[in-house]
Amino acid sequence: MSITSKDLLRHLPSVEKLLQPLEGTASLPRALLVHLVRQEVQVIREEALGGKEPPGFDAVVVRVRVRLESFARSRIQPVINGTGVMIHTNLGRSPLSLNVADRLREIAWQYNNLELDLDSGERGKRARFLETGLAVLTGAEAATITNNCAAALVLILRHITGGERKEVVISRGQLIEIGGGFRVPEIMEASGAVLREVGTTNRVTIADYRRAIGPHTAMVLRVHRSNFYMEGFVTEPSAEELALLGRQHGLPVVDDLGSGAVVDTHLAGDIEHEPTPQEVLAAGVDLVCFSGDKLFGGPQAGIICGKAGLVAGIKRDPMFRALRCDRLVATALQETVVEYLAYMQGEGMDPRRAPLPLLEMLALRPEDLHPRAEAVVAALAGCPVSASVGEGTSRCGGGTMPKSELPSVTLDLEPQGQSLSAFARKLRTGSPPVQGYIAGDRVKLDLRTVFRSQDAALTTAIRAAAGA
Ligand SMILES: *Cc1c(COP(=O)(O)O)cnc(C)c1O
């Protein structure tokens with residue numbers, strides 16, 4: 001170390017001195033404040049040792065404050081979603097309904113009957129109401145829940161391939177990656193199953209499956225290509241054909257549906273029909289699994305529905321205990337299922353009348369959004385941003401319905417006196433944060449994914465970011 005750096009280091013402000021002007025910044029608890037101040041001082045110290053001139057006291061305070069504010073923003077908080085992506089993995093996937101959120105609040109602070117049978121006073125079955133509700137909703141003999149759909153698939157594979165027979169027959173066109181590290185072949189390997197690939201990437205026939213079945217076969221697995229689609233010279237057997245093949249050979253057939261729409265998505269607009277657990281189970285498939293927080297519109301969870309014997313076996317696996325859901329998730333799922341069941345009565349499953357925010361969003365048409373966009377644009381008059389009503393394309397996202405592009409309405413914003421990226425950053429780091437997207441020479445905010453009740457907050461956030 002040179003003498004000069006040593007001298008410079010002596011002039012670095014102490015953590016105690018720095019804390020005084022920073023007390024209370026971004027409402028951070030003191031312990032976090034101290035931790036972050038130390039981190040920044042350490043960075044400055046290393047820079048000084050590397051020969052950089054250390055900043056003066058005020059400049060250090062500014063640097064620490066930037067670090068504190070950036071860290072404070074990383075606290076999980078509401079974000080206004082102007083991306084038009086309805087199930088946005090970075091934004092927590094699907095929002096819950098307000099009814100569900102109210103029930104969560106009630107359950108969160110009080111004791112509850114999670115495992116108490118109120119009739120007998122004895123220990124009861126965990127989440128019995130929810131499991132029965134899910135079975136009724138999907139037309140299954142039985143149902144259960146676990147941490148997420150990846151865990152559901154692991155548990156299914158462990159249970160069915162846990163004996164002598166370990167081979168899982170699966171189409172080459174379904175050895176897919178869903179994103180966030182979910183790769184079907186790796187999940188299978190981690191579960192102790194042996195992959196038995198059949199067909200080619202684009203074509204597989206029932207004869208291919210039949211030929212692959214042998215003395216070591218444990219099950220047939222189908223995985224829904226949730227996040228991409230294949231067109232052209234493509235064939236694969238239907239759920240019915242596979243179910244029949246399974247019955248002929250005494251093998252369970254399992255379908256990982258991933259997205260888990262229980263409504264008829266194609267009724268919501270000009271979008272694809274997402275296979276539902278109801279129709280796949282009715283086709284004779286033994287088990288299905290899907291996510292709770294994709295098109296189902298609930299919390300993160302994996303839902304398993306199907307034959308009672310298989311579901312009971314899965315629940316006996318020691319890993320089931322390790323991957324189970326807590327009471328808050330169980331409550332959120334339970335109330336989501338109640339919402340579905342309540343509106344299911346009599347009618348079919350039309351998403352246009354579904355009581356869940358995700359499905360309401362899915363069913364919105366541009367003409368529903370136009371008046372809102374015009375009102376926000378009017379409220380931005382006189383603000384240093386040129387705002388207009390534009391067009392956009394919303395998507396389901398979260399690795400679901402990749403084909404579906406829904407025409408939508410956007411707020412198109414051109415900031416004055418600042419760059420697009422600076423303006424987008426101000427929106428994102430404001431309060432509440434607003435996430436949009438940049439297209440051409442403007443920042444666009446898709447109103448499909450902004451709740452009507454957020455319009456006022458959105459207007460205020462835009463004004464603030466524009467510097468009004
Ligand atoms: C999304 C998805 C999964 C993973 O679901 P998580 O709930 O995120 O674990 C598994 N399989 C398919 C087909 C999916 O689309």
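Numbering of ligands and ligand atoms starts at 1, following listing order.
Between R327 and E115, no side-chain nitrogen of the basic residue sits less than 4.0 Å from a carboxylate oxygen of the acidic one, so the salt-bridge criterion is not met.
Across all non-hydrogen atoms, the minimal contact from S408 to D446 is OG-OD1, 2.7 Å.
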Evaluate the side chain to side chain donor-acceptor pair (under 3.5 Å) criterion for residues H266 and E274: first the C-alpha distance (whole Å), next the side-chain angles of each, then the deciding distance (0.1 Å), finally the verdict. CA-CA 7 Å; H266 66 278; E274 183 71 15; over 6 Å; no

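With sequence neighbours excluded, the residues that form a side-chain contact (heavy atoms from CB on, under 4.5 Å) with R93 are I87, T89, S291, D293, K294. By the side-chain contact (heavy atoms from CB on, under 4.5 Å) test, S27 is found to be paired with no residue, residues two or more places apart in sequence or in another chain being considered. In terms of the side-chain contact (heavy atoms from CB on, under 4.5 Å) criterion, residue partners of L195 (sequence neighbours excluded) are, by chain and number, I170, L175, P185, M188, E197.
If you look at ligand 1, the protein residues with a non-hydrogen atom under 4.0 Å away are R93, N148, C149, A150, I178, F182, V223, H224, S226, D256, G258, S291, K294.
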